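Since the structure is predicted, the reported quantities are computational estimates derived from the model, not experimental observations. We name chains A, B, ... by the order of the sequence lines, and we start the count at 1 in each one.
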2 protein chains.
Amino acid sequence: MKINFNRREPVYVQVVRHFKQQIAMNMLEPGQEIPSRRELAGELKINPNTVQRAYKEMEEQGLIYTERNLPSKITRNEQVLQVVREELIMDAVDQFVTTVQSVQVPLDEIVTIIKEKYEQTNADKGEEDHD
Amino acid sequence: MKINFNRREPVYVQVVRHFKQQIAMNMLEPGQEIPSRRELAGELKINPNTVQRAYKEMEEQGLIYTERNLPSKITRNEQVLQVVREELIMDAVDQFVTTVQSVQVPLDEIVTIIKEKYEQTNADKGEEDHD
DNA sequence: TTTAGTGTATTAATCACATAATACACCGAT
DNA sequence: ATCGGTGTATTATGTGATTAATACACTAAA
């Protein structure tokens, strides 16, 4: 577990987003146990209370659940998991479309730019995988 | 002049972005005078220093220039203006592509979603313009 | 010269966030 | 029963960014 923190956003927000991305990538399965507050705080070199803040938000959103005093787990509610994925996408789309519309770029140009960027960065990722 | 502020980002950042968007939309012409610090602060109901902070950033980026103690004006450097437009687009693309790639959405789906959203919101804008 | 509106600079206050230090309840394992 | 690790809650403190308050310098115009 490793997160590249930026200093613009609150740390707990970035932690939440990281978990959402992990979920959307299917790197975290339903029911899977996640690190305890103290453990993750140790890994990320942040305060346990900051992790608690992040986990609390995730719990309020139904992303994780906690039984007794055991480490929390990823929700088994498939719909919630699906929504996480969809929201990530739709939020990105919303913001993106808002921006490009304000600049009045033709849709064709946009698609072209995205395709280039998409394939370019995908190629980069592919090279990293060479062994 | 009106800006819908969110409370997540610093106000001065949002002011800068607003001007960049205005520039990208060609709503502000090269050499055009912009409101004085105090005037804009009055309009937006924010502190003059906050506007100053925003203007200072814009001046450092070459977006505006100030002669003596007269209200600042939009730069006449066409290249700078072009860069503003391009950066707005590329930043949006970068963030967007990063997100959708992390969620591993096929490119085709992305394009479809964007087209829908783009046309949908364009339709909305058109309806607002009816008089 | 005076005035009113500029930009600019300095300092103070505010605020959100992160951290820190504790404390408590709970429960499985020993 | 004890111990160690959980989650949870409370309070205090520190800190950096942001915003606010104020003062200053300048200049066009009256």
Side-chain angles (χ1 to χ4, degrees), chain A residues 1-20 23 28 30-77 80, chain B residues 1-20 28 30-77:
Chain A
M1 179 93 52
K2 184 176 179 306
I3 305 179
N4 285 331
F5 291 114
N6 66 67
R7 111 182 52 170
R8 193 94 239 183
E9 298 170 291
V11 173
Y12 77 94
V13 170
Q14 299 182 56
V15 172
V16 170
R17 182 172 53 238
H18 179 262
F19 272 93
K20 286 186 175 180
I23 289 175
L28 294 172
Q32 180 175 343
E33 191 175 88
I34 62 178
S36 78
R37 275 76 165 163
R38 293 174 176 88
E39 185 182 345
L40 183 58
E43 279 188 36
L44 300 179
K45 308 258 196 307
I46 60 179
N47 195 282
N49 292 321
T50 304
V51 178
Q52 163 63 5
R53 174 97 185 253
Y55 278 21
K56 189 178 181 182
E57 285 234 349
M58 290 196 285
E59 186 140 22
E60 286 171 352
Q61 294 177 27
L63 260 58
I64 63 176
Y65 64 96
T66 309
E67 287 171 334
R68 311 214 186 82
N69 55 340
L70 297 176
S72 304
K73 298 175 181 176
I74 302 296
T75 183
R76 288 194 155 85
N77 186 328
V80 170
Chain B
M1 182 89 52
K2 182 175 181 307
I3 304 179
N4 284 330
F5 291 114
N6 67 68
R7 110 184 50 173
R8 194 92 245 186
E9 296 171 292
V11 173
Y12 77 94
V13 170
Q14 300 181 55
V15 172
V16 171
R17 182 172 53 238
H18 179 261
F19 272 94
K20 286 186 174 178
L28 295 173
Q32 179 176 345
E33 190 174 90
I34 61 177
S36 77
R37 276 76 166 161
R38 292 175 176 85
E39 185 181 346
L40 183 57
E43 279 188 36
L44 300 179
K45 307 257 196 308
I46 59 180
N47 193 283
N49 292 317
T50 305
V51 179
Q52 162 64 4
R53 175 93 185 254
Y55 279 21
K56 189 178 181 183
E57 286 233 349
M58 290 195 284
E59 187 139 21
E60 287 170 352
Q61 294 177 28
L63 258 60
I64 64 175
Y65 64 95
T66 308
E67 287 172 334
R68 309 213 186 83
N69 56 342
L70 296 177
S72 304
K73 298 174 181 176
I74 302 295
T75 182
R76 289 193 157 85
N77 187 326

Check your understanding: Does B:Gln52 use its side chain to pair, donor to acceptor, with the backbone of B:Arg37 at less than 3.5 Å?
Key -> no
The reported gap from OH in B:Tyr12 to CE in B:Met58 (rounded to nearest 0.5 angstrom) is 12.5 Å
To the nearest angstrom, the CZ-P distance between A:Arg7 and D:dT15 comes to 16 Å
Rounded to the nearest 0.5 angstrom, the CD1-CD1 distance for B:Ile3 and B:Ile46 is 7.0 Å
Between N or O atoms, less than 3.5 Å apart, protein on one side and nucleotides 21-25 of chain C on the other: list the pairs.
from	atom 1	to	atom 2	distance (Å)
C:dA21	N6	A:Asn49	ND2	3.2

With the side chain defined as heavy atoms from C-beta on, A:Lys56 is closest, among D:dT6, D:dA9, D:dT18, to D:dA9
Heavy-atom nearest nucleotide on DNA chain D taken for B:Val13 and for A:Pro71; more 5' hit belongs to A:Pro71
Atom CD of B:Glu39 and atom C1' of C:dG5 are separated, to the nearest Å, by 11 Å
Taken to the nearest whole Å, CZ/A:Arg53 to C1'/D:dT10 is 15 Å
*Quick one: label A:Tyr55 by what it contacts on the DNA or RNA (base, sugar-phosphate, nothing), any heavy atom closer than 4.0 Å.*
nothing
Could you tell me whether the phosphate oxygens of D:dA20, OP1 or OP2, come under 4.0 Å of any side-chain nitrogen or oxygen in B:Thr50? yes
- [ ] Please step through side-chain hydrogen bond (donor to acceptor under 3.5 Å, both in side chains) for the pair A:Glu59 and A:Thr66, ending with a clear verdict.
- [x] CA-CA 8 Å; A:Glu59 186 140 22; A:Thr66 309; 3.1 Å; yes
- Task: Could you check B:Val15 against B:Val51 for side chain to side chain contact (heavy atoms under 4.5 Å, CB included), going step by step and ending with a plain yes or no?
- Result: CA-CA 7 Å; B:Val15 172; B:Val51 179; 5.5 Å; no
Rounding to 0.5 Å, atoms CG (A:Asn47) and CZ (A:Arg38) come to a distance of 11.0 Å
Side-chain atoms of B:Arg37 come closest, of C:dT8, D:dT18, D:dG7, to C:dT8
Taking the side chain as C-beta and beyond, is there a heavy-atom pair between A:Gln61 and A:Lys20 under 4.5 Å? yes
Here the distance between atom P of D:dT18 and atom CZ of B:Phe5, to the nearest Å, is 14 Å
Whole-Å distance, A:Gln52 CD to D:dT11 C1', equals 15 Å
Separation of D:dT19 atom P from B:Glu9 atom CD, nearest Å, is 11 Å
Between CD of B:Glu33 and C1' of C:dT6 the distance, given in whole Å, is 10 Å
Would you mind classifying the nucleic acid contact of B:Glu67 as base, sugar-phosphate or nothing, using non-hydrogen atoms under 4.0 angstrom? nothing
Closest of C:dT19, D:dT6, D:dT18 to the A:Ile46 side chain is C:dT19
B:Gln14 CD to D:dT19 P, in whole Å, measures 8 Å
Q. Are OP1 or OP2 of D:dG7 and a side-chain N or O of A:Thr66 less than 4.0 angstrom apart?
A. no
| When all nucleic acid strands are considered with a 4.0 Å heavy-atom cut-off, which category describes B:Arg8: base, sugar-phosphate, or nothing? | sugar-phosphate
